[in-house]
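All remarks here apply to the structure that follows.
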Amino acid sequence: MSDTSNISIHLNGRDREVTAGHTVRTLIESLDLHPSLVVVEYNREILERDRYGTVSVQAGDRVELVHFVGGG
Amino acid sequence: MTTPSIPQSGEGADVQPLVIGGKPFVSRLIVGTGKYATNRIMVDAIRASGAEMVTVAVRRVDLDRRAEEGILHHLDPEEFFLLPNTAGCYTAEDAVRYARLGRAAGLNEWVKLEVIGDEATLVPDVQATIEAARTLVGEGFKVMAYTNDDLVTALRLEDAGCVAVMPLASPIGSGLGVVNPYFIREIKRRLEVPVIVDAGVGTASDATRAMEQGVDGVLMNTALAAATDPIRMAHAMRHGVIAGRLAYLAGRMPAREIAVPSSPTVGMLD
């Protein structure tokens, strides 16, 4: 086990250890989610979908993954 | 999509589509997607309702559960016009944040704006609603604003540039029907933009009564989702909305607290 390969991010309201080196896209895919069905708020700014593959996830990042659910 | 069978001829037939923000809708019923027992029942009920515009909420992905909970796994944006809402927001800032997230999903630039002011009644914070409406209209959103039955607020929301103003019939999820028909009528009389009664409808006669006030449409969720048979109730609501619209256009007879015979009083036998 190599702790150095993990970083801690704040993901959907919880601190979470993830493998270092993720882009936002690979992070989403590692969670079994479809990037096309998820909206990303990255450090309080909305991240356009065409940037998912280029933004590298850094330690301490605040990431919100949201989607549409039933509502009135 | 199932479309309501509206008579195409005859005095009072409603052949005009409902146009909101330049977009025409045949159905004057807008439905939500919350609180259904299953996604299958939700989709079947929406189809039965004939609604073309369907509201959805923006929420965090629950990372502890299956990814399929997202509504786009069940509702096709090609079949329905999905309207993201800001339900659950208590400040203008939060509502703007949720609206932007909804738009970033890439479906459209519309939002059902809802800023709640009181947890017990879910009545809107009208000042925050107007503030958020101004911001969102400035950012190019087409805003359909949930509001209370207050005329001045409705006028302010129209001034802010909302494409529709949506006064409540009664509190969200209450099923109490139209508690203030006079002010619903007055708001409709005074506004140029479409007026949609949003929230509080419980059964088909409530939808009819709302439409009989002259409003342009009705938005509902719980009345379908919480019915014992949501699909059957969706059919009922489809008919109820059409009935109310046609009755409004037809112009009802004056109500009189006196009996007037329908058959001739002359020509009776000795």
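Given the structure is predicted, the values throughout are model-derived calculations rather than measurements. Per chain, numbering begins at 1; letters A, B, ... match sequence-line order. Hydrogens, waters and symmetry mates are skipped; everything else that's a heavy atom, side chains included, is used.
When each of B:G102, B:G32, B:G34 is scored by its heavy-atom pairs under 4.5 Å with chain A, the top score falls to B:G34. Considering only heavy-atom pairs separated by less than 4.5 Å from chain B, the leading option among A:V69, A:L11, A:V39, A:L65 is A:V69. Taking chain B as the reference chain and counting heavy-atom pairs below 4.5 Å, the highest number among A:S36, A:G13, A:G70 is found for A:G70. Contacts with chain A were tallied for B:V58, B:V31, B:V54; B:V58 has the most, counting heavy-atom pairs under 4.5 Å.
Between B:F81 and B:F25, the ring-plane angle classifies as perpendicular under the 30° and 60° cut-offs.
A cation-pi arrangement, defined by a distance under 6.0 Å to the six-membered ring centre and an angle within 45 degrees of its axis, is present between B:R103 and B:F141.
Side-chain contact check for B:D125 and B:Y90: no donor-acceptor pair (N or O, by modelled atom type) lies under 3.5 Å. With no hydrogens or angles considered, a side-chain donor-acceptor pair links B:D118 and B:T121 at under 3.5 Å.
Looking at A:I46, the atoms closer than 4.5 Å to chain B (heavy atoms on both sides) all sit in the side chain, from C-beta outward. For A:V66, the parts sitting under 4.5 Å from any heavy atom of chain B are the backbone and the side chain alike. In this structure, no portion of B:K35 lies under 4.5 Å from any heavy atom of chain A. If you measure heavy-atom distances from B:I172 to chain A, you find no contacts under 4.5 Å at all.
Once rounded to the nearest 0.5 Å, the distance linking CG of B:L224 with CE of B:M237 reads 5.5 Å. From A:E64, atom CD reaches atom CG of B:L101 across 8.5 Å, with rounding to the nearest 0.5 Å.
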